[in-house]
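Everything on this sheet refers to the single structure shown next.
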Protein chains: 2
Amino acid sequence: MTKAALRDLIHVTKALADETRVRVLLALRQQELCACQITALFGLAPSTMSEHLFLLKQGGLVDSRKEGRWIYYSLPGKDVPEAAREALRWVCRVLADDPRVVEDVAKLQRILKRDPAELCRKRCRKRRFCL
Amino acid sequence: MTKAALRDLIHVTKALADETRVRVLLALRQQELCACQITALFGLAPSTMSEHLFLLKQGGLVDSRKEGRWIYYSLPGKDVPEAAREALRWVCRVLADDPRVVEDVAKLQRILKRDPAELCRKRCRKRRFCL
DNA sequence: ATTCTATTTCGGTAATAAGCGAAATGACGA
DNA sequence: TCGTCATTTCGCTTATTACCGAAATAGAAT
């Protein structure tokens, strides 16, 4: 179809070849999340998570939307590139019941109850803040 | 479903996160191939290819069968693990028309015309033999 | 304008992975 | 048995990547 399907696919598989990144995708199933919420969910440095999100975006596995200072990430909509669409369905289906992913969802519920602004402040001031 | 779906899936995605390895999978669509044929196809050292094949096997993306001194690799049959089945269909479908993959198929035709024994001898004696 | 603040970019370190050649393994043939 | 040969394992080097903190960027609020 497209000319460089191989390169595109490798972008996708490299993006998926890291535990943190696939867990991010699973966390986005229900709603979009801002970068600080994702960062809080996994307890990594903001810079680290930013790089993970860049790789996901490069693979076409997430969309991002800027609103004020916040950047919201979400699973891609109808414009999802071909190489990524099936991969997303596959990953979400295979991992839906994985215990780690279930834990992540529970923790995410707690994070969503908090004010994102306050979350960010805590997160960015004192590093390694983890709910 | 299974307990450690996440670990299994990462094995699959890491196996797929390398250009050589996905090209090996595509080359196996039509027929099983022995290790020396695969090695000749890509022009890598036998030890390197052996490690690639190990990773593919670890991800459940190939089966292997020993016949005498030769080891034949093939796409997995009905016993393919859940984490790998859909991934295989996805990769093969997305890459079917990629120019590099098409080249590989053409080169593979030439390799299949040769006697595997002779191929192996050349390949293993003088390293970097490439058809 | 200046100060906060959410995110990204940069520089560096430690862990992981791809590549090779040499040596080990295991099966066949003389 | 002994050598031959296809493949794998091992030790090593180089390249890539995950991670961090510090600095840079960009948007909001004062």
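Naming: A, B, ... by sequence-line order, numbering from 1 per chain.
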Exercise. With respect to the side chain of I71(A), which nucleotide from dT8(C), dA17(C), dT7(D) is positioned closest?
Worked result: dT8(C)

Exercise. Counting side-chain heavy atoms from C-beta on, which of dT8(C), dC20(D), dT7(D) comes nearest to A45(A)?
Worked result: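 Closest nucleotide to the A45(A) side chain: dC20(D).
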
For this session: Sequence neighbours left out, what passes side chain to side chain contact (heavy atoms under 4.5 Å, CB included) with S64(B)? Give chain and number order.
Result: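 For S64(B), the residues satisfying side chain to side chain contact (heavy atoms under 4.5 Å, CB included) (neighbours in sequence not counted) are K57(B), I71(B), Y73(B).
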
For this session: Could you list the residues that satisfy side chain to side chain contact (heavy atoms under 4.5 Å, CB included) with E32(A), not counting sequence neighbours?
Result: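 Side chain to side chain contact (heavy atoms under 4.5 Å, CB included) list for E32(A), sorted by chain: R65(A), Y72(A), S74(A).
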
What's touching nucleotides 22-28 of chain C from the protein side, N or O pairs under 3.5 Å?
none

I need the [atom1]-[atom2] distance between [X] and [N], as an integer number of Å.
| X | N | atom1 | atom2 | value |
| --- | --- | --- | --- | --- |
| I10(A) | dT17(D) | CD1 | P | 11 Å |
| R21(A) | dC19(D) | CZ | C1' | 12 Å |
| Y72(B) | dA6(D) | OH | P | 11 Å |
| M49(A) | dA6(C) | CE | C1' | 15 Å |
| L16(B) | dA17(C) | CG | C1' | 16 Å |
| L44(A) | dT17(D) | CG | P | 18 Å |
| D18(B) | dT16(D) | CG | C1' | 12 Å |

Might you point out which heavy atoms bring [X] and [Y] nearest each other, and give the distance in Å?
| X | Y | result |
| --- | --- | --- |
| L61(B) | A84(B) | CD2-CB, 3.9 Å |
| L33(A) | I38(A) | CB-CG1, 3.8 Å |
| G60(B) | P76(B) | O-CG, 3.6 Å |

Exercise. Within the pair T48(A) and dA18(D), is there a side-chain N or O less than 4.0 Å away from OP1 or OP2?
Worked result: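 It does not, given that no N or O in the side chain of T48(A) lies less than 4.0 Å from OP1 or OP2 of dA18(D).
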
Problem set entry | Short side-chain N/O contact to dT7(D) OP1/OP2 from Y73(B), under 4.0 Å | no

Exercise. Can you tell me how far CD1 of I111(B) sits from CG of L41(B), rounded to the nearest 0.5 angstrom?
Worked result: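 L41(B) atom CG to I111(B) atom CD1 measures 4.5 Å (nearest 0.5 Å).
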
Exercise. Just how far is it from atom CG of L88(A) to atom CZ of R29(A), taken to the nearest 0.5 Å?
Worked result: 11.5 Å

Exercise. Is D8(A) reaching over with its side chain to a backbone N or O of A83(A), donor-acceptor style, under 3.5 angstrom?
Worked result: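 Pair absent, no side-chain N/O of D8(A) close to backbone of A83(A).
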
Exercise. When you measure from the side chain of Q37(B) to the backbone N and O of C34(B), does any donor-acceptor pair fall under 3.5 Å?
Worked result: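 Yes: the side chain of Q37(B) pairs with the backbone of C34(B).
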
May I have the list of side-chain donor-acceptor pairs in residues 9-28 of chain A shorter than 3.5 Å, sequence neighbours left out?
unit_1: T13(A); atom_1: OG1; unit_2: L9(A); atom_2: O; d: 3.3
unit_1: T13(A); atom_1: OG1; unit_2: I10(A); atom_2: O; d: 3.2
unit_1: T13(A); atom_1: OG1; unit_2: L16(B); atom_2: O; d: 3.0
unit_1: K14(A); atom_1: NZ; unit_2: A17(B); atom_2: O; d: 3.2
unit_1: D18(A); atom_1: OD1; unit_2: T20(A); atom_2: N; d: 3.0
unit_1: D18(A); atom_1: OD1; unit_2: R21(A); atom_2: N; d: 3.2
unit_1: E19(A); atom_1: OE2; unit_2: R100(A); atom_2: NH1; d: 2.8
unit_1: E19(A); atom_1: OE2; unit_2: R100(A); atom_2: NH2; d: 3.3
unit_1: R21(A); atom_1: NE; unit_2: A15(A); atom_2: O; d: 2.8
unit_1: R21(A); atom_1: NH1; unit_2: H52(A); atom_2: ND1; d: 3.0
unit_1: R21(A); atom_1: NH2; unit_2: K14(A); atom_2: O; d: 3.0
unit_1: R23(A); atom_1: NE; unit_2: D104(A); atom_2: OD2; d: 2.8
unit_1: R23(A); atom_1: NH2; unit_2: D104(A); atom_2: OD1; d: 3.0

Exercise. For the helix from dA1(C)-dT30(D) to dA30(C)-dT1(D), what is the angle between the axes at its two ends, each from 5 pairs, rounded to 10°?
Worked result: 20°

Problem set entry | Hydrophobic cluster identity match, L108(B) and F42(B), side-chain contacts under 4.5 Å |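 Same cluster: L108(B) reaches F42(B) through Ile, Leu, Val, Met, Phe, Trp or Tyr contacts under 4.5 Å.
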
Problem set entry | Selection: residues 50-65 of chain B, any non-hydrogen atom under 4.0 Å of DNA chain D | S50(B), E51(B)

